[in-house]
Amino acid sequence: MSLGQTTPAIEYPESDGKPMGETDLHRRWMIRILNLLSYRYRGEQVYVSSDLLVYYVEGAPTKFVVPDDFVVKGCDPHERRTFKIWEEGKAPDVVFEVTSRSTQREDMVFKTPIYARMGVKELFLYDPTSDYLDPPLYGFRLDEGDFARIEADAEGFLACEQLGVRMRLENGALVMYDAESGHV
């Protein structure tokens, strides 16, 4: 009889213990973005989620980030308790962060380089109050392992190439248009 060693299973928590949004407004925008993207990709092999722990280093349950909203193309849309990049085979393609007073520094300073290292192709930060970001809508695209700022076009649109949408602020609100059809 062999007394083989067993390695204990690593536990990956399902919560970071933080609330979903700082204010009603921020939470509503997180849900609005989730709903817009879920509707856009209904019936497709695209996973859309919000406020879910994304683990990016296997075996390291402290290495996670919690995007406000994210999209993973070519990924089964079934419900998950957490998102582990090594199990899914890829990182999110696009991440949206709804910035607030308490998340501004985390979104700009801490999360941004993590998303770049993870291989997130595009990152958008939106400040629905226009108090914490200037301008209140930022976009970044991964370029050679680092994020480069997406510049607005002449009409004030930021292009999200990964999702085929153009977005801008209209009366302070984030609006997304299909890049091909121009429809909201």
Side-chain angles (χ1 to χ4, degrees), residues 12-16 18 20-21 26-58 63-99 103 107 111-128 137-150 152-153 157-170 173-184:
Y12 295 90
E14 296 173 3
S15 173
D16 63 355
K18 296 179 182 176
M20 183 174 172
H26 292 88
R27 186 176 50 255
R28 275 197 297 271
W29 271 105
M30 289 169 61
I31 293 168
R32 171 106 173 109
I33 292 168
L34 173 69
N35 288 339
L36 286 169
L37 297 171
S38 294
Y39 182 78
R40 180 175 179 80
Y41 292 107
R42 69 196 179 282
E44 295 185 35
Q45 283 295 107
V46 177
Y47 180 64
V48 179
S49 191
S50 179
D51 198 43
L52 191 76
L53 276 73
V54 176
Y55 289 95
Y56 55 92
V57 177
E58 184 174 10
K63 300 290 185 182
F64 67 86
V65 66
V66 185
D68 288 340
D69 297 288
F70 65 98
V71 178
V72 189
K73 298 184 314 183
C75 189
D76 191 317
H78 73 272
E79 291 186 357
R80 293 159 172 79
R81 300 181 75 84
T82 62
F83 190 94
K84 298 172 187 160
I85 290 176
W86 61 93
E87 288 181 1
E88 303 291 347
K90 66 182 297 192
D93 293 293
V94 180
V95 167
F96 290 85
E97 292 290 351
V98 182
T99 298
T103 66
D107 292 345
K111 284 184 170 182
T112 300
I114 292 171
Y115 290 140
R117 284 194 308 272
M118 286 170 44
V120 171
K121 295 178 181 90
E122 291 177 318
L123 168 65
F124 295 90
L125 292 93
Y126 170 50
D127 173 6
L137 178 62
Y138 273 90
F140 299 96
R141 187 168 293 123
L142 196 61
D143 182 26
E144 297 183 21
D146 204 5
F147 279 125
R149 179 105 179 257
I150 300 170
D153 67 14
F157 284 101
L158 295 181
C160 178
E161 294 175 353
Q162 291 298 310
L163 304 182
V165 298
R166 299 171 66 218
M167 64 189 93
R168 70 177 176 187
L169 299 183
E170 294 180 6
L174 176 64
V175 179
M176 293 184 197
Y177 293 87
D178 182 82
E180 278 189 35
S181 71
H183 296 314
V184 176

Pairs meeting criterion salt bridge (Lys or Arg N to Asp or Glu O under 4.0 Å) with involvement of residues 158-167, two or more places apart: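 Those involving residues 158-167 are Arg141-Glu161, Asp153-Arg166, Glu155-Arg166.
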
Is [X] reaching over with its side chain to a backbone N or O of [Y], donor-acceptor style, under 3.5 angstrom?
X	Y	value
Lys90	Gly119	no
Asp93	Lys73	yes
Tyr55	Val65	no
Ser38	Leu34	yes
Tyr115	Glu122	no

Does any non-hydrogen side-chain atom of Pro77 lie less than 4.5 Å from one of Val48?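 SC-SC contact between Val48 and Pro77 ruled out.
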
Side-chain contact test, heavy atoms from C-beta onward, threshold under 4.5 Å: evaluate it for Pro128 versus Arg28 and give yes or no.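 Sidechains of Arg28 and Pro128: no contact.
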
Decide, yes or no, whether a salt bridge links Arg42 with Glu44 under the criterion of side-chain N to carboxylate O below 4.0 Å.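 Judged by the 4.0 Å cut-off on N to carboxylate O distance, Arg42 and Glu44 do not form a salt bridge.
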
[atom2] on [Y] to [atom1] on [X], rounded to 0.5 Å:
X	Y	atom1	atom2	answer
Asp127	Tyr138	CG	OH	10.0 Å
Arg117	Leu142	CZ	CG	12.0 Å
Ser50	Leu37	OG	CG	10.0 Å
Glu14	Leu52	CD	CG	9.0 Å
Leu158	Tyr126	CG	OH	12.5 Å
Leu169	Met167	CG	CE	10.5 Å

Only one of Phe124, Phe83, Phe96 passes ring-ring contact (aromatic ring centres under 6.0 Å, His included) with Phe70; say which it is.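 Only one of Phe124, Phe83, Phe96 forms a ring-ring contact (aromatic ring centres under 6.0 Å, His included) with Phe70, namely Phe83.
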
Go through the structure and list residues passing salt bridge (Lys or Arg N to Asp or Glu O under 4.0 Å) with Asp178, not counting sequence neighbours.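 Asp178 satisfies salt bridge (Lys or Arg N to Asp or Glu O under 4.0 Å) with Arg40 once adjacent residues are dropped.
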
Passing option when Thr99 is tested against Leu137, Asp68, Asp107 for side chain to side chain contact (heavy atoms under 4.5 Å, CB included):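 Answer to the side chain to side chain contact (heavy atoms under 4.5 Å, CB included) test with Thr99 among Leu137, Asp68, Asp107: Asp107.
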
